[in-house]
Structures are given as structure tokens and as C-alpha cells.
Amino acid sequence: MSAQPFRIGLLGHGTVGGAFETLLAERAGQIEAITGLRPQISGVLTRSRGDFAEILDGCDLVVELIGGLDPARDYVLRAMRAGRHVVTANKQLLSHHGEELWAAAREHGVQLRFEASVAGVVPVIRVLQESLAAAHVDRIHGIVNGTTNYILSEMARTGCSYGDALADAQRLGYAEADPSEDVNGRDAAAKMAILARLAFDTPVHIDQVTYEGIEQITADDMEYAQELGLGLKLIGTAERIDGSLAVRVHPAFLYEGHPLASVHGPFNAITVESEAITEITMSGPGAGGPQTASAVLGDVVSAMIPPASTPETTQALKIVDDVQSAFYLHMEVEDRPGVLAEVASILGDAGASIKSVVQKGLGERARLVMVVHPLLESRFFAAVERIAVLDFLRSPPRAIRVIEEHFS
Ligand SMILES: NC(=O)c1ccc[n+]([C@@H]2O[C@H](COP(=O)([O-])OP(=O)(O)OC[C@H]3O[C@@H](n4cnc5c(N)ncnc54)[C@H](OP(=O)(O)O)[C@@H]3O)[C@@H](O)[C@H]2O)c1
């Protein structure tokens with residue numbers, strides 16, 4: 001007797017949707033052996049084919065791989081209201097409308113699964129929702145954008161400029177023709193909103209995530225970093241601070257030995273810290289059609305077996321954006337006495353203490369680079385504003401955060 005079919009309505013047939021169809025055909029037999037149901041695609045919707053209402057009517061589960069907010073939101077809501085489980089890879093949708101969608105999933109008793117929305121095939125959603133459900137997470141650090149990690153890795157490896165590394169990433173397919181959301185940090189901000197939501201049981205909208213990208217990073221910064229024993233990454237952080245929550249994305253220097261310092265190329269990695277577990281790091285390919293499709297298929301199989309929970313708001317932490325950070329400060333200065341003393345005095349007024357200083361070059365090429373110990377970001381940036389107007393500066397100062405912890 002042949003197994004009962006499990007019908008999948010596939011919305012979107014691009015990079016991930018196409019790879020999903022191929023993978024499903026390859027694995028259908030194995031999934032049937034595990035679940036007792038035979039998965040099959042019962043309808044496909046693109047801009048040029050398929051009708052959503054018909055697909056919904058004839059399926060048991062909807063896979064949403066259209067991307068963007070509209071019409072994805074409408075389709076996902078309609079699917080859940082009609083009692084269908086939904087699997088999606090759409091980080092934009094969840095970071096904007098997650099609360100509405102999770103509420104709808106709870107109300108209609110269906111699953112909304114989204115492993116592929118953050119870090120591709122790295123199973124961080126499952127780990128946060130299931131394995132670490134009882135852990136009191138203190139902090140998450142993540143490299144959640146492969147494009148920027150590739151660019152920064154290439155700049156560090158070859159000494160090339162940001163523009164050359166970006167062009168290389170586009171040639172190799174690691175960056176899209178329009179890479180703005182990757183390089184300006186917004187893509188990573190969406191993913192951090194989702195991770196923070198799960199780890200801290202607090203609704204986090206993408207607009208509550210402060211973010212900054214990598215467009216301003218220069219080959220010079222990389223050279224100094226290497227001299228100071230630091231590596232540069234675009235880091236997403238979500239952390240508990242005095243009973244509040246801070247979620248942000250920015251370039252940050254890491255000391256060698258930090259679990260994320262050795263993550264190079266288009267890879268993603270996430271470190272979860274909690275007193276009970278110390279620290280767990282997961283890493284792997286963060287994007288790509290077949291890799292993302294594999295995470296989507298994992299969710300489909302889970303939805304075919306027993307139920308998983310959709311997150312409830314058990315606590316709602318206040319979200320703050322002014323936090324303590326250590327900083328690297330790079331200044332192109334005139335080569336004359338008193339420069340270091342004046343900068344140090346302004347930093348001292350702000351309560352910043354200097355950890356290390358490097359002075360390089362002479363005359364027109366004189367530069368001053370410092371690393372300062374952690375202080376409130378607002379105080380540091382106020383000091384930088386004062387420094388920026390000093391007459392011996394030849395260009396605006398550049399500041400990049402430093403993650404101070406040393407791991408052994
Ligand atoms: N690509 C990756 O590596 C990756 C990694 C992680 C997550 N994701 C996420 O996966 C999702 C899909 O990404 P993708 O790279 O596969 O996108 P894609 O290649 O651009 O494919 C999008 C698909 O959706 C269809 N579509 C777009 N607008 C539609 C509309 N209004 N009505 C019906 N169909 C519509 C397109 O139709 P046409 O074929 O007619 O154009 C296309 O088939 C996104 O949420 C993305 O963020 C992607």
C-alpha cells in the first residue's frame with residue numbers, strides 16, 4: 001500500500017525555491033520512511049504561474065520563498081488562517097511582522113517554522129527554541145551576513161580596498177548586484193531581531209536594532225588591526241544589560257582566540273553565552289540555494305512530525321541602545337607636538353581610558369590610532385565629536401568597536 005501524500009504548496013521558485021524542489025525530489029523516499037507520509041509539491045506560485053487560492057486549497061503545508069513583505073505577509077497569514085503549517089526563509093517578513101504572524105500561528109494551532117531565515121543551514125533557530133529553551137541566555141554574538149564576512153576576510157587577507165573586495169564578492173556570487181542591505185548592516189539587523197526575539201522572549205522589531213555597515217572600512221584600518229592583534233568582523237549582538245535588552249550590528253574588532261575571529265569567507269557563525277552553558281558556537285554556510293533549501297526541508301520534515309512551539313512573550317525586556325563598548329579610534333593628524341595630549345585629554349574628560357596607542361607616519365602621512373577601554377557609547381561619540389573639530393585633524397576620525405573578551 002502506498003503512503004499517504006503530504007502536499008506542499010511552494011510560493012516562489014527562484015534560487016531557493018528551485019533548489020528546494022530538486023532536494024525534495026531527491027529526499028522524498030527518505031522522508032517517507034521517517035514520517036510515513038510522501039511529500040510532494042502540489043502547486044507552484046511565481047509572478048507568471050500559479051494561483052494562490054487554488055494552491056492553498058490543494059496543500060497541507062505552504063513553503064514561502066518569495067521574499068519581501070508583500071504579498072508574502074498576506075499569503076502566510078491566509079495560509080495559517082486556513083489551518084496550514086507554513087515554512088519560510090523570509091527574515092524581512094519576520095523582523096517586521098513576526099508578532100502578528102506568531103500570534104496567528106498560535107490562534108490557528110499551526111506551525112510557523114523559519115530556520116532558513118537566519119544563518120542558512122546553521123540550526124540556530126532550533127537550538128534557541130528547543131535545546132536552549134531553558135537556558136538563561138545572556139548574550140548572542142553573530143556573524144550573520146556572509147557577504148560582508150567575505151569582503152572583510154578578503155581585505156584582511158590581501159590588503160585590498162573595500163571596493164575591490166566587494167567587486168570580487170559580486171564576481172563570485174557572494175554579493176548581489178545591489179548589495180546595499182548586506183553592506184549597510186540591515187540584512188544582519190533583521191536576523192539579529194529574530195535571534196533576540198527567541199533568545200530573550202521579547203518582541204524585537206527591526207527598527208529597534210541599531211545598525212552600521214562596513215562601507216567606511218579602509219585597508220588602513222585592517223593594517224592597524226593586524227598590528228594590534230585584532231581581526232575585523234561585522235558583528236550582531238543581542239545582550240541582556242541590567243534587565244534591559246540591547247540589539248545592534250556594527251563592525252567590531254576581535255582578539256585572536258574569540259570564537260568568531262577564525263570565521264572567514266562567506267561563512268556565518270553564532271555564539272550563544274549563558275552562565276549555565278558557558279558558550280556555544282555554531283557555524284556553517286549562511287546562504288546559497290541548496291544550503292538554504294536544506295534548512296527549509298528540515299523544517300518541512302519537522303512540521304510533518306510532531307508540533308513545535310511558536311514563541312510566546314513570557315517576558316518583555318526594555319530595549320536600550322546606549323551600551324558600553326571598547327573602541328578603536330583612527331585619526332589622520334598633523335605631525336606636531338601636543339596632538340596626543342589634546343586627544344587624550346578629551347577622551348579623559350569623557351571617562352575613556354586608553355588601552356594602547358600606535359603613532360605612524362610623518363608629515364602629511366602622520367596617523368594616530370588608539371584602542372580605548374569600554375565606556376558608554378554616547379560618552380565616547382560625544383568625545384569623538386569634540387575631537388573631530390580640532391584643527392590638527394586632516395580628515396574625520398574613524399571609530400570602530402572592539403570586543404574585548406579574550407577566550408582561551
Ligand atoms: N538566496 C539565498 O541564498 C537565501 C538565503 C537565505 C534566505 N533566503 C531567503 O529566501 C527567500 C527567497 O530568496 P531567493 O534568493 O530564492 O529569491 P529569488 O531568487 O529572487 O526568487 C524569488 C521567487 O519568488 C517569486 N516572486 C517574487 N515576487 C512574487 C510575487 N509578488 N508573487 C508571486 N511570486 C513572486 C519570483 O517569481 P519569478 O520567478 O516570476 O520572478 C521567484 O520565483 C527570501 O526570503 C530570501 O531572503 C535566500
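No experiment lies behind these values; they were computed from the predicted model shown. Side-chain atoms are counted along with the backbone in the values below, which use heavy atoms only and exclude waters and symmetry mates. Atoms within a ligand are numbered from 1 in the order they appear, just like the ligands themselves.
Using modelled atom types and a 3.5 Å distance limit, the side chains of Gln170 and Glu176 yield no donor-acceptor pair. Side-chain contact of Asp322 with Ser378: a donor-acceptor pair under 3.5 Å is present, judged by distance alone. In this model, a donor atom of one side chain and an acceptor atom of the other lie less than 3.5 Å apart for Glu279 and Thr281.
Looking at Asn90, Thr88, Ile66 and measuring to atom 22 (C) of ligand 1, the nearest heavy atom belongs to Ile66. Proximity annotation for atom 11 (C) of ligand 1: of Leu65, Leu10, Thr46, Leu65 comes nearest, heavy atoms only. Looking at Ala293, Ala89, Gly17, Gly18 and measuring to atom 8 (N) of ligand 1, the nearest heavy atom belongs to Ala89.
Proximity to Pro71 (heavy-atom distance under 4.0 Å) selects the following atoms of ligand 1: 31 (N). Heavy-atom proximity to Ala116, at under 4.0 Å, picks out these atoms of ligand 1: 6 (C), 7 (C). Counting atoms of ligand 1 from 1 in the listed order, those under 4.0 Å from a heavy atom of His13 are 23 (C), 42 (C), 43 (O). Counting atoms of ligand 1 from 1 in the listed order, those under 4.0 Å from a heavy atom of Lys91 are 47 (O). Heavy-atom proximity to Gly67, at under 4.0 Å, picks out these atoms of ligand 1: 44 (C), 45 (O).
Contact record, Tyr328 with Asp220: OH-O, 4.4 Å, taken as the closest heavy-atom pair.
Contact annotation for Gln291 and ligand 1: no heavy atom of the residue comes within less than 4.0 Å of the ligand. When non-hydrogen atoms are compared, ligand 1 lies under 4.0 Å from the side chain of Thr292 (C-beta onward) but not from its backbone. For Ser117, no heavy-atom contact with ligand 1 is shorter than 4.0 Å.
Taking a cutoff of 4.0 Å between a charged side-chain nitrogen and a carboxylate oxygen, Arg126 and Glu115 qualify as a salt bridge. A salt bridge links Arg248 to Glu239: one of the charged nitrogens lies within less than 4.0 Å of a carboxylate oxygen. Residues Glu385 and Arg379 are not paired through a salt bridge, judged by the lack of any N-O separation under 4.0 Å between the basic side chain and the carboxylate. A salt bridge links Asp187 and Lys91; the closest N-O separation between the charged side-chain nitrogens and carboxylate oxygens is under 4.0 Å. Ion pairing of Arg401 with Glu377 is present here, as a side-chain N (NZ or NE/NH1/NH2) and a carboxylate O approach within less than 4.0 Å.
Of the protein's non-hydrogen atoms, the one nearest atom 25 (C) of ligand 1 is Gly12 CA, 4.0 Å. Considering only non-hydrogen protein atoms, atom 19 (O) of ligand 1 sits nearest to Thr15 N, 2.9 Å. Summary of contacts: the protein heavy atom closest to atom 30 (C) of ligand 1 is Arg47 CG, 3.8 Å. Ranking the protein heavy atoms by distance from atom 3 (O) of ligand 1 puts Gly288 N, 2.8 Å first.
In this structure, Arg78 and Tyr75 have side chains that are in contact, with non-hydrogen atoms separated by less than 4.5 Å.
For atom 17 (O) of ligand 1, the nearest protein heavy atom lies 4.0 Å away or farther. Protein heavy atoms are found inside the 4.0 Å sphere centred on atom 37 (O) of ligand 1.
The shortest N/O to N/O separation between Gly68 and ligand 1 does not fall below 3.5 Å. Considering backbone and side-chain atoms alike, Val16 places an N or O below 3.5 Å from some N or O of ligand 1. Residue Gly14 has at least one nitrogen or oxygen atom sitting less than 3.5 Å from a nitrogen or oxygen atom of ligand 1, judged on distance alone.
Aromatic rings of Tyr224 and Phe253 (six-membered ring for Trp) have centroids beyond the 6.0 Å cut-off, not under it.
When atom types are taken as modelled, the side chain of His108 and the backbone of Val110 share no donor-acceptor pair closer than 3.5 angstrom.
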